[in-house]
Protein chains: 4
Amino acid sequence: MPRVTEQHRAARRDQILAAAVRCVAREGFHKTTMADVIREADLSAGAVYLYFRGKDDIIRALAERSIGRVAHVLVAMQEQQPVVRPEDALQAALEELLSTAGEAADDLLRVGVQAWGEALRDEAVHATVSTQLRRLRHTMADLVRRAQAEGLVSKQADAESAAALLCGAIPGFILQRLVLGDLTPASYVDGLRGLVSPAGR
Amino acid sequence: MPRVTEQHRAARRDQILAAAVRCVAREGFHKTTMADVIREADLSAGAVYLYFRGKDDIIRALAERSIGRVAHVLVAMQEQQPVVRPEDALQAALEELLSTAGEAADDLLRVGVQAWGEALRDEAVHATVSTQLRRLRHTMADLVRRAQAEGLVSKQADAESAAALLCGAIPGFILQRLVLGDLTPASYVDGLRGLVSPAGR
Amino acid sequence: MPRVTEQHRAARRDQILAAAVRCVAREGFHKTTMADVIREADLSAGAVYLYFRGKDDIIRALAERSIGRVAHVLVAMQEQQPVVRPEDALQAALEELLSTAGEAADDLLRVGVQAWGEALRDEAVHATVSTQLRRLRHTMADLVRRAQAEGLVSKQADAESAAALLCGAIPGFILQRLVLGDLTPASYVDGLRGLVSPAGR
Amino acid sequence: MPRVTEQHRAARRDQILAAAVRCVAREGFHKTTMADVIREADLSAGAVYLYFRGKDDIIRALAERSIGRVAHVLVAMQEQQPVVRPEDALQAALEELLSTAGEAADDLLRVGVQAWGEALRDEAVHATVSTQLRRLRHTMADLVRRAQAEGLVSKQADAESAAALLCGAIPGFILQRLVLGDLTPASYVDGLRGLVSPAGR
DNA sequence: TATGAATGAGCATTCATTCAT
DNA sequence: GATGAATGAATGCTCATTCAT
């Protein structure tokens with residue numbers, strides 16, 4: 001019976017979070033009401049509180065889900081065999097980010113932007129975001145060092161700084177993509193490649 | 001008397017917005033109450049409504065003020081004579097961003113992050129943010145083209161893509177700076193320089 | 001099977017009421033939730049509803065149990081042979097009240113105080129409390145009359161009024177004991193004896 | 001302007017408390033909703049919260065008002081010149097208690113019974129009740145000692161114990177009066193006088 | 001009998017905005 | 001222009017009770 005119950009529990013939490021993602025993508029954390037989530041999840045008020053402590057708890061879970069996805073994508077990438085140029089890794093990560101299955105990819109990105117804002121005022125969300133950001137940077141730095149070992153990147157480059165820049169390019173891509181809607185991973189990373197290629201030709 | 005009245009009006013609006021910046025930096029747009037702003041501005045409830053239509057009006061003004069600052073900094077930079085490498089322009093812009101006088105620079109950056117989130121749900125804020133983002137990218141593209149003309153950047157690079165990447169690096173800097181607190185403009189842009197320098201040395 | 005079933009039923013009811021007494025002593029009738037009682041009784045929600053119609057039913061049973069105890073103590077006392085002075089009967093009753101076995105005596109007294117309040121708003125609880133109060137007074141009046149017959153109390157005294165006063169002294173003892181915690185039956189009844197003894201000595 | 005504002009404030013608080021007394025007398029502390037009080041006070045929800053921190057704050061103020069009245073009555077009595085027999089003082093106090101002007105006397109007594117119950121679970125109400133109870137007992141003990149000095153009460157009586165008993169008679173009077181409705185101060189105190197008068201006549 | 005997930009009406013409280021002074 | 005008491009719809013959350021298993 002624990003099996004069924006645990007599965008049930010996880011499924012219900014997911015049902016609620018998926019509904020909340022859609023609401024928050026539309027209205028942001030604070031304009032989304034519990035009534036919105038309850039209606040979207042097609043549950044009763046009491047049921048939602050059986051699976052989450054309250055609205056804050058849902059917000060934190062959403063922050064984790066949205067911010068975690070980015071780091072997750074890169075970690076999965078880094079674990080695959082061939083060493084690649086960091087630019088290529090960035091491009092692959094951005095492409096992966098836009099193709100989330102099951103859930104509308106855009107919705108999760110929108111929730112992520114909300115999470116950035118919330119990290120500045122809620123200690124728990126801040127903890128989630130800073131942890132994931134650090135993990136992202138750490139993974140990226142490893143990637144850069146492996147590229148340096150293969151001669152794909154100059155040995156003089158500081159891997160940590162390069163990782164910070166590469167990670168830093170991600171929010172800017174998401175933002176421009178969501179606000180202006182005119183960027184593809186390829187064109188964006190080509191901008192980096194253009195700057196990288198030697199001048200004077 | 002229009003002179004005095006107009007000055008008075010502008011001063012009052014600024015007093016209210018400065019107060020609102022401090023509140024929003026602390027609690028975000030939606031957890032900041034009008035009562036918070038009114039108290040922080042040391043005014044009466046009625047007074048605030050003489051200068052702003054309502055809370056949304058204040059939010060829009062804050063979005064403009066915070067997002068506008070970034071573009072403003074770069075435009076001012078581009079208007080100065082010598083042509084510089086885009087990386088140097090980016091570094092100078094980030095440094096300028098951290099040294100806002102009068103208002104705590106961090107507070108305005110925090111309000112900016114809130115504005116990104118709000119742009120996804122409020123049409124008016126979206127208009128402000130997208131306009132400023134486009135202006136930023138346009139200015140940056142000009143800068144890149146001038147650098148190409150001087151041989152500082154490869155002629156094969158696509159100026160628009162490079163501008164998108166360079167602009168995209170800014171939100172990531174702000175976010176890492178506010179959340180992790182461990183980045184300087186110099187180290188961040190060095191990350192870009194490291195990737196740019198030819199490998200194999 | 002009726003035997004076993006009936007015993008089982010009584011045992012379950014008692015298990016639930018005992019749990020409810022502990023909860024209500026802590027939090028009062030209305031801040032005690034059914035969930036509290038269910039947890040304290042170590043049963044399931046459904047089980048409790050097999051033995052009680054609902055929360056009101058439990059409240060009424062608790063009122064009966066707590067208020068009934070006082071009258072029960074005095075009735076038991078009156079049935080014993082020797083005729084005593086009413087003051088001595090009061091003292092013995094108060095002592096008996098503080099020494100309830102099995103259940104913490106204080107808990108039941110606390111529930112009693114809750115029942116006084118509930119009697120003012122719930123007709124069923126009012127019926128219980130007024131019945132028990134009347135029974136208490138009736139028993140006490142009998143006691144006074146028997147003491148008068150033995151010359152222990154002035155024949156001119158009105159037995160009904162004396163009974164009302166003696167019964168009326170009980171809530172005040174309970175209240176001062178629970179709130180101030182500094183009264184013993186002996187010292188309290190000595191207060192009465194002091195007033196009774198002729199002045200001028 | 002402070003004068004007007006302060007008076008206004010006190011008047012509004014009183015308006016709300018008077019409404020709350022009527023509600024609580026009917027339904028008890030916890031079955032009285034804020035909506036009940038708001039409706040009875042003929043105010044808006046927001047207005048009530050301008051004068052009280054919340055429901056708990058109102059409950060505490062009601063406890064103070066109801067319990068304080070009893071002690072207040074006795075203190076006022078003790079300050080008058082002639083020394084009286086404690087029984088007479090008790091009777092006068094009970095009579096005063098039943099004749100509160102402006103507010104229905106019964107309503108305030110009912111709120112008092114609620115306050116006894118609340119004192120057992122809310123620390124703030126407990127503090128109010130225990131303070132007032134102590135003040136009541138202190139005043140009564142003074143009264144007894146003055147009666148002893150005048151030879152109205154035996155010198156051998158312990159004033160503190162007698163005071164405890166006399167104070168203890170008050171809740172019992174209130175309770176029997178509210179629940180059974182058949183007691184007058186005179187008949188009740190006559191019960192005490194009957195016990196006091198020497199037997200054997 | 002027994003379970004415990006689900007229900008949904010009801011509650012205390014907040015807050016953007018107004019308007020009589 | 002300036003004030004701040006007043007408004008009341010809206011919000012997050014609770015809890016007595018039911019019922020499919």
Side-chain angles (χ1 to χ4, degrees), chain A residues 1 4-5 8-9 11-12 30-39 41-59, chain B residues 1 4-5 8-9 12 30-39 42-59, chain C residues 1 4-5 8-9 12 30-39 42-59, chain D residues 1 4-5 8-9 11-12 30-39 41-59:
Chain A
M1 197 191 294
V4 172
T5 290
H8 177 80
R9 186 168 183 79
R12 270 278 192 267
H30 298 288
K31 282 287 177 183
T32 294
T33 68
M34 286 303 284
D36 292 339
V37 175
I38 287 158
R39 197 183 317 111
D42 202 28
L43 285 172
S44 66
V48 169
Y49 285 87
L50 236 41
Y51 298 95
F52 290 93
R53 209 135 347 122
K55 190 177 176 181
D56 286 356
D57 200 22
I58 293 182
I59 288 178
Chain B
M1 202 191 290
V4 173
T5 292
H8 177 81
R9 187 167 182 81
R12 274 275 195 266
H30 298 288
K31 282 286 179 183
T32 294
T33 68
M34 287 301 281
D36 291 338
V37 175
I38 287 158
R39 197 182 317 111
D42 205 26
L43 286 171
S44 67
V48 169
Y49 282 85
L50 285 174
Y51 298 98
F52 289 93
R53 202 124 8 109
K55 191 178 177 181
D56 286 356
D57 200 21
I58 293 182
I59 288 177
Chain C
M1 203 190 291
V4 173
T5 292
H8 178 80
R9 185 165 183 81
R12 272 276 195 264
H30 298 288
K31 282 287 178 183
T32 293
T33 67
M34 287 300 281
D36 290 337
V37 175
I38 287 158
R39 198 182 315 110
D42 205 27
L43 287 172
S44 67
V48 170
Y49 282 86
L50 285 173
Y51 298 98
F52 290 93
R53 201 122 12 106
K55 190 179 178 180
D56 286 355
D57 200 21
I58 293 181
I59 288 178
Chain D
M1 198 191 292
V4 172
T5 290
H8 177 81
R9 186 167 183 80
R12 271 275 192 268
H30 298 290
K31 281 287 178 183
T32 294
T33 68
M34 287 302 283
D36 292 338
V37 176
I38 287 158
R39 197 183 316 110
D42 203 28
L43 285 172
S44 66
V48 170
Y49 284 87
L50 236 41
Y51 297 97
F52 290 93
R53 212 142 336 128
K55 190 178 177 180
D56 285 356
D57 201 21
I58 293 182
I59 288 177

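Chain letters run A, B, ... following the sequence lines, proteins first, then strands; residues in each count from 1.
Spacing between atom CD1 of B/Ile38 and atom C1' of E/dT17 amounts to 9 Å, rounded to whole angstrom units. The CG atom of A/Asp36 sits 13 Å away from the P atom of F/dA10 (whole-angstrom rounding). Rounded to whole Å, the distance from CE on B/Met34 to P on F/dA10 is 19 Å. Regarding C/Arg39, its CZ atom lies at a distance of 14 Å from the C1' atom of F/dA16, rounded to whole Å. Between C/Phe52 atom CZ and E/dA2 atom P there is a gap of 14 Å when expressed in whole angstrom units. If you measure from atom OH of D/Tyr49 to atom P of F/dG8, you get 16 Å, rounded to the nearest angstrom. What separates NZ of A/Lys31 from C1' of F/dG12 is a distance of 15 Å, to the nearest Å. Rounded to whole Å, the distance from CD1 on B/Ile58 to P on E/dC15 is 15 Å.
You'll find that the side chain of A/Ala47 is closest to E/dT7, out of E/dT7, F/dG12, E/dG4. For A/Ser44, taking side-chain heavy atoms from C-beta onward, the closest of the listed nucleotides F/dA6, E/dG8, E/dA16 is E/dG8. Proximity note for B/Leu50 (side chain, C-beta onward) versus F/dA5, F/dA2, E/dG4: the nearest is F/dA2.
Within the 4.5 Å cutoff, side-chain heavy atoms of B/Ile58 are placed close to those of B/Met34. Here the side chains of D/Leu50 and D/Arg12 are not in contact, with every heavy-atom distance at 4.5 Å or above.
Nucleotide F/dA20 forms a pair with E/dT3, judged by Watson-Crick or G-U wobble geometry with both contacts under 3.5 Å.
For the pair D/His30 and B/Ala45, both in contact range of DNA chain E, the more 5′-proximal nearest nucleotide belongs to D/His30. For the pair B/Gly46 and C/Asp56, both in contact range of DNA chain F, the more 5′-proximal nearest nucleotide belongs to B/Gly46. Comparing C/Lys55 and D/Leu43 by the nucleotide of DNA chain F whose heavy atom lies nearest to each, the residue mapping closer to the 5' end is D/Leu43.
Using a 4.0 Å heavy-atom criterion, one finds that C/Tyr51 contacts the sugar-phosphate atoms exclusively. Nucleic acid contact class of A/Gly54 (heavy atoms, under 4.0 Å, all strands): sugar-phosphate only.
Remark: side-chain polar atoms of A/Lys55 are paired, donor with acceptor, to backbone N or O of A/Thr32 under 3.5 angstrom.
For the OP1/OP2 pair of F/dT17 and a distance below 4.0 Å, the side-chain nitrogens and oxygens of C/Arg53 include no atom meeting the criterion. Of the side-chain N and O atoms in C/His8, one or more sit less than 4.0 angstrom from OP1 or OP2 of E/dA2.
To the nearest 0.5 Å, the span separating CG on D/Leu43 from OH on D/Tyr49 amounts to 13.0 Å.
Note on B/Asp36 versus B/Arg39: salt bridge recorded, some NZ/NE/NH1/NH2 to OD/OE distance being below 4.0 Å.
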